[in-house]
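This report concerns only the one structure given below.
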Amino acid sequence: MNTILVSGFEAFLTHQKNPTEALVQKLDGTEMDGTLIKGIVLPVSFARAAELLIEHATAIRPNAIVMLGLGAGRKQVTPERIAINVMDGPPDNEGAVMTGQPIKQDGPAAYFSTLPIRKIVNELNRHGCPATISNTAGTYVCNDLMYRVLDHLQTAAVPAGFIHVPYTDDMVGVEEVSLPGDTVEKGIGQALRVVASTL
Ligand code: PCA
């Protein structure tokens, strides 16, 4: 049976929760169209997030990797097109502050997602989940994770990429409301089915 490894992140900065944490916990161990979904929640840490995911992937040898994170302020589900070789932004959850350093000395400037991002966006829109391709994953831990995982997978035939999700409505009063939680949940389920169908 094919396996898709799905990652989410814990809460970070001023966000009291990260909708990808519960989503990934819910998806872990489920089956989708004959594909097993395995979930892992990662720390918002430049030093540890990618390392943990790569360790986990080495152990379970998934057929594809779909990384999820909160895109604070975004209004749609956004599969990322590209990860760039730079770290910058506010402190991570371990207090590390990056100020423009490369992720990998002499590494390529960028990696493109190897997920079928156009197909995913079309499928989500068809099912009424607002989605669009994003051309920047930012320069924080999500971009770092996507870059390092794609760098690690270079020669492996394992499609991988990152999808940012907006705030969900259970964060009402805490965060700007964007999409109902079940719309995001269904949307990510559809995205995983699209990926599963290409394996
Ligand atoms: N979003 C942040 C890091 C963790 C998360 O869920 C980002 O976009 O970099």
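For Thr78, the side-chain hydrogen bond (donor to acceptor under 3.5 Å, both in side chains) partners at least two apart in sequence or on another chain are Arg74.
Between His164 and Leu70, every side-chain heavy-atom pair lies at or beyond the 4.5 Å cut-off. Side-chain atoms of Pro130 and Leu179, non-hydrogen and from C-beta on, do get closer than 4.5 Å to each other. By the 4.5 Å heavy-atom criterion applied to side chains, Val141 and Ser45 are not counted as neighbours. Between Arg81 and Phe112 the shortest side-chain heavy-atom distance falls below 4.5 Å.
Cluster partners of Val97 are absent, since no Ile, Leu, Val, Met, Phe, Trp or Tyr has side-chain heavy atoms less than 4.5 Å from it.
Sorted by first and then second residue, the side-chain hydrogen bond (donor to acceptor under 3.5 Å, both in side chains) pairs with a member in residues 188-199 form an empty list; sequence neighbours excluded.
If you check the side chains of Glu80 and Ser113, you find no donor sitting under 3.5 Å from an acceptor. For the residue pair Gln76 / Thr132, no side-chain donor-acceptor distance below 3.5 Å is found, with atom types taken as modelled.
Paired with Ile188 under the rule side chain to side chain contact (heavy atoms under 4.5 Å, CB included), one option of Val77, Thr183, Thr20 passes, and it is Val77.
Ring planes of Tyr140 and Phe12: tilted class, angle from 30 to 60°.
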Using atom types as modelled, flag every donor-acceptor pair under 3.5 Å from a side chain in residues 114-129 to any protein atom, sequence neighbours excluded.
unit_1	atom_1	unit_2	atom_2	d
Thr114	OG1	Ala160	N	2.8
Thr114	OG1	Ala160	O	3.1
Glu123	OE1	Arg126	NE	3.2
Glu123	OE1	Arg126	NH2	3.3
Glu123	OE2	Arg126	NH2	3.0
Asn125	OD1	Ala131	N	3.1
Asn125	ND2	Val121	O	3.3
Asn125	ND2	Ala131	O	3.2
His127	ND1	Glu123	O	3.0

Return a table of donor-acceptor pairs under 3.5 angstrom between the side chains of residues 58-67 and protein atoms on other chains or two or more places apart.
unit_1	atom_1	unit_2	atom_2	d
Thr58	OG1	Ile54	O	2.6
Asn63	OD1	Thr3	N	2.7
Asn63	ND2	Asn2	OD1	3.2

Side-chain atoms of residues 27-44: list all donor-acceptor pairs with protein atoms under 3.5 Å, sequence neighbours left out, distances to 0.1 Å.
unit_1	atom_1	unit_2	atom_2	d
Asp28	OD1	Gly39	N	2.9
Thr30	OG1	Leu27	O	2.6

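The main-chain N or O of Asp92 is never found under 3.5 Å from a side-chain atom of Glu94 such that the two would form a donor-acceptor pair. No donor-acceptor distance shorter than 3.5 angstrom exists from the side chain of Asn85 to the backbone of Pro102, with no hydrogens or angles considered. Distance alone, capped at 3.5 Å, places no donor-acceptor pair between the Asp144 side chain and the Thr139 backbone. Formation of a donor-acceptor pair under 3.5 Å by the Asp169 side chain with backbone atoms of Gly181 is found in this model.
Remark: Phe46 CZ to Met98 CE distance equals 5.5 Å, nearest 0.5 Å.
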